[in-house]
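Written below as structure tokens is the structure these notes are about.
The first residue in the sequence is number 1, and the count goes up from there. Every heavy atom of this structure was used, including side-chain atoms; hydrogens, water molecules and symmetry mates were not. Only a predicted model underlies this, so the values are computations on that prediction, with no experimental measurement involved.
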Amino acid sequence: MNTVILDGTVQKDVKLFEEIANFNVSALTGTYRCLDNTTKNRFTYIRVLFPTEIDERLEEIIQPGCMIRIYGKLDSEPYLTSSNKVVYNKILCAEKIVRIRYNHEIGEYVEVL
């Protein structure tokens, strides 16, 4: 079964059309250690397609900088670079999107209804 739940931050390139939303999210996918022995977060950027009618509620949720939870299916799309190399982009085909916020009492993100 190809079902994904992803928490991420909406990036600034949001494109809303009448029946589809197209945007990128950054998701925290780990950490790495720098040469100076400091630890930094590692992020992965994923393109999201949400084929649904765009209403005011959805416009408020999909704003740059907002934390959201996406339920959907993972896919990929190939494209050819200028050096004739085939590269595959990750795409998340969303079925449901909700806003989330960090709950300090329990130490995790929760859905905002």
Closest approach of [X] and [Y], non-hydrogen atoms and distance?
| X | Y | value |
| --- | --- | --- |
| Glu60 | Gln63 | O-CG, 3.3 Å |
| Pro51 | Ala94 | CD-O, 3.7 Å |
| Asn89 | Tyr79 | ND2-CE2, 3.4 Å |

Test item: [X] and [Y] side chains (from C-beta on) under 4.5 Å apart, heavy atoms:
| X | Y | value |
| --- | --- | --- |
| Leu92 | Leu6 | yes |
| Tyr88 | Asp75 | no |
| Arg47 | Asn22 | yes |
| Leu28 | Phe43 | yes |

Out of curiosity, [X] [atom1] to [Y] [atom2], how far, rounded to the nearest 0.5 Å?
| X | Y | atom1 | atom2 | result |
| --- | --- | --- | --- | --- |
| Leu58 | Leu16 | CG | CG | 6.5 Å |
| Lys15 | Ile62 | NZ | CD1 | 13.5 Å |
| Phe50 | Lys96 | CZ | NZ | 10.0 Å |

Assigning hydrophobic clusters by single linkage (Ile, Leu, Val, Met, Phe, Trp, Tyr; side-chain heavy-atom cutoff under 4.5 Å), is [X] placed with [Y]?
| X | Y | result |
| --- | --- | --- |
| Val4 | Ile46 | yes |
| Ile97 | Val14 | yes |
| Ile61 | Val25 | yes |
| Ile54 | Val10 | yes |

Pair Thr29-Thr44, side-chain donor/acceptor within less than 3.5 Å: yes

Side chain to side chain contact (heavy atoms under 4.5 Å, CB included) between Ile100 and Val110, worked out: CA-CA 5 Å; Ile100 59 175; Val110 295; over 6 Å; no

Sidechain-backbone polar pair: Asn2 side chain, Leu74 backbone, donor-acceptor under 3.5 Å: yes

Residues which pass salt bridge (Lys or Arg N to Asp or Glu O under 4.0 Å) with Glu95, listed by chain and number, not counting sequence neighbours: Lys73

Which residues share a salt bridge (Lys or Arg N to Asp or Glu O under 4.0 Å) with Asp7, sequence neighbours left out: Arg69

Derivation and outcome, side chain to side chain contact (heavy atoms under 4.5 Å, CB included), residues Thr52 and Ile20: CA-CA 5 Å; Thr52 188; Ile20 193 166; over 6 Å; no

Ser26 vs Gln11, side chain to side chain donor-acceptor pair (under 3.5 Å): CA-CA, chis, key distance, verdict: CA-CA 7 Å; Ser26 64; Gln11 299 302 296; 3.0 Å; yes

Sequence neighbours excluded, every pair satisfying side-chain hydrogen bond (donor to acceptor under 3.5 Å, both in side chains) that has a member inside residues 97-113: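 For residues 97-113: Tyr71-Glu111.
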
